[in-house]
Amino acid sequence: MSDNNPIVNTEALSDGTMLTLQGEIDLSQSPTVRASLLEMAQAKPQRLIVDLTAVSYMDSSGVATLVEALQQQRKNKGQMILCGLQPKVRSIFEIARLDLVFTIVDNAEAAKSA
Amino acid sequence: MSESFEVELRILSRPEHLCVVRQALSAALNRYGFDDGTCAQIALALDEALANVIRHGYQGRDDQPIWVKFGRADTAQQKGVHIVVEDLAEQVPPEKIAGRDLEDIRPGGLGVHIMKQVMDDVQFTPRPEGGMRLEMKRSQS
């Protein structure tokens with residue numbers, strides 16, 4: 001159902017791509033996110049930005065898709081940046097101690113200039 | 001021993017039902033007096049428990065039952081919540097259910113770590129009638 005689609009938008013940048021997500025990224029939505037992220041990472045962008053401003057919830061299946069994309073980016077010598085994390089979403093990164101592994105910035109503008 | 005919980009839900013092992021359980025638990029936790037941040041973390045712990053049953057216990061089969069029960073677990077000192085998840089999945093020795101080393105950065109394996117980090121007590125036991133039982137408790141701190 002389009003209403004539940006976690007993918008809002010993909011935007012081409014001069015040096016990469018930005019994926020904007022929305023809603024609750026749990027086990028029911030993470031396969032869709034994973035497919036998009038891996039497709040984007042396969043293009044070997046210099047910079048892969050994931051905008052989570054409109055994501056109100058994320059579980060470990062959502063986090064796993066981001067970790068997988070991060071690993072792909074590292075393999076390809078690219079950068080991956082997360083932005084706009086709401087406190088509830090940031091919390092899972094902290095519990096999993098991944099807040100120090102990812103580059104996390106406040107918003108999309110900061111991510112584009114990071 | 002018979003158990004009595006304020007809320008008892010039976011869902012099929014489909015990922016799209018996770019949000020229903022999260023919302024039911026969050027509403028109850030709000031009523032029990034937990035703050036928003038703690039509510040979100042406890043709902044996450046339950047979500048991870050259910051996702052593990054679906055992915056590992058039932059190996060993705062979406063027609064299997066999962067029972068979720070929760071209620072207050074107040075003591076004289078503080079308020080709390082008691083959550084039980086039961087299934088009919090293959091039994092696993094509880095000592096083999098462990099989270100991964102967090103230094104090992106890779107996708108997956110975080111669910112049990114999150115449950116143990118968020119909840120005060122997490123106990124897996126094989127059910128005499130088959131399947132597994134997970135019991136989690138958390139007090140307000």
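These figures come from a predicted structure and were not determined experimentally. Reminder, nothing fancy here: chain letters follow the sequence lines and each chain counts from 1.
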*Side chain from CB out, backbone as N, CA, C, O: work out which of these in B:Arg22 comes under 4.5 Å of a heavy atom of chain A, or both, or neither.*
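Only the side chain of B:Arg22 comes within 4.5 Å of chain A.
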Shared hydrophobic cluster, [X] / [Y] (ILVMFWY, side-chain heavy atoms < 4.5 Å):
X        : Y        : answer
B:Val118 : B:Val112 : yes
A:Met80  : A:Met18  : no
A:Ile7   : A:Leu82  : yes

Interatomic spacing from [atom1] in [X] to [atom2] in [Y] - rounded to 0.5 Å:
X       : Y        : atom1 : atom2 : answer
A:Ile92 : B:Ile114 : CD1   : CD1   : 4.0 Å
A:Asp59 : B:Leu110 : CG    : CG    : 10.0 Å
A:Leu27 : B:Cys19  : CG    : SG    : 11.5 Å
B:Asn52 : A:Ser60  : CG    : OG    : 7.0 Å

_Taking side-chain contact (heavy atoms from CB on, under 4.5 Å) as the criterion, tell me which of B:Leu50, B:Leu44, B:Leu18 meets it with A:Asp26._
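Filter result, single survivor: B:Leu18.
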*Between B:Glu48, B:Arg14, B:Gln41, the one whose heavy-atom pairs under 4.5 Å with chain A are most numerous*: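 Most pairs with chain A among the choices: B:Glu48.
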*asked:* On a heavy-atom basis, which atom in B:Arg55 and which in A:Ser61 lie closest, and how many Å separate them?
replied: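 Taking every non-hydrogen atom into account, NH1-CB, 4.1 Å.
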_Between A:Glu68 and chain B, with a heavy-atom cut-off of 4.5 Å, which part of the residue counts as in contact: side chain, backbone, both or neither?_
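A:Glu68 touches chain B through backbone and side-chain heavy atoms alike.
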*Sort A:Leu66 into side chain, backbone, both or neither according to what part of it lies under 4.5 angstrom from a heavy atom of chain B.*
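It is neither, since no heavy atom gets under 4.5 Å.
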_Atom CG of residue position B:Asp121 - does it have more than 12 heavy atoms of other residues, nucleotides or ligands inside 6.0 Å?_
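More than 12 heavy atoms, drawn from other residues, nucleotides or ligands, come within 6.0 Å of this atom.
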*Without hydrogens or angle criteria, can the side chains of A:Ser28 and B:Glu16 be said to hold a donor-acceptor pair below 3.5 Å?*
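Absent: no donor and acceptor within the cut-off.
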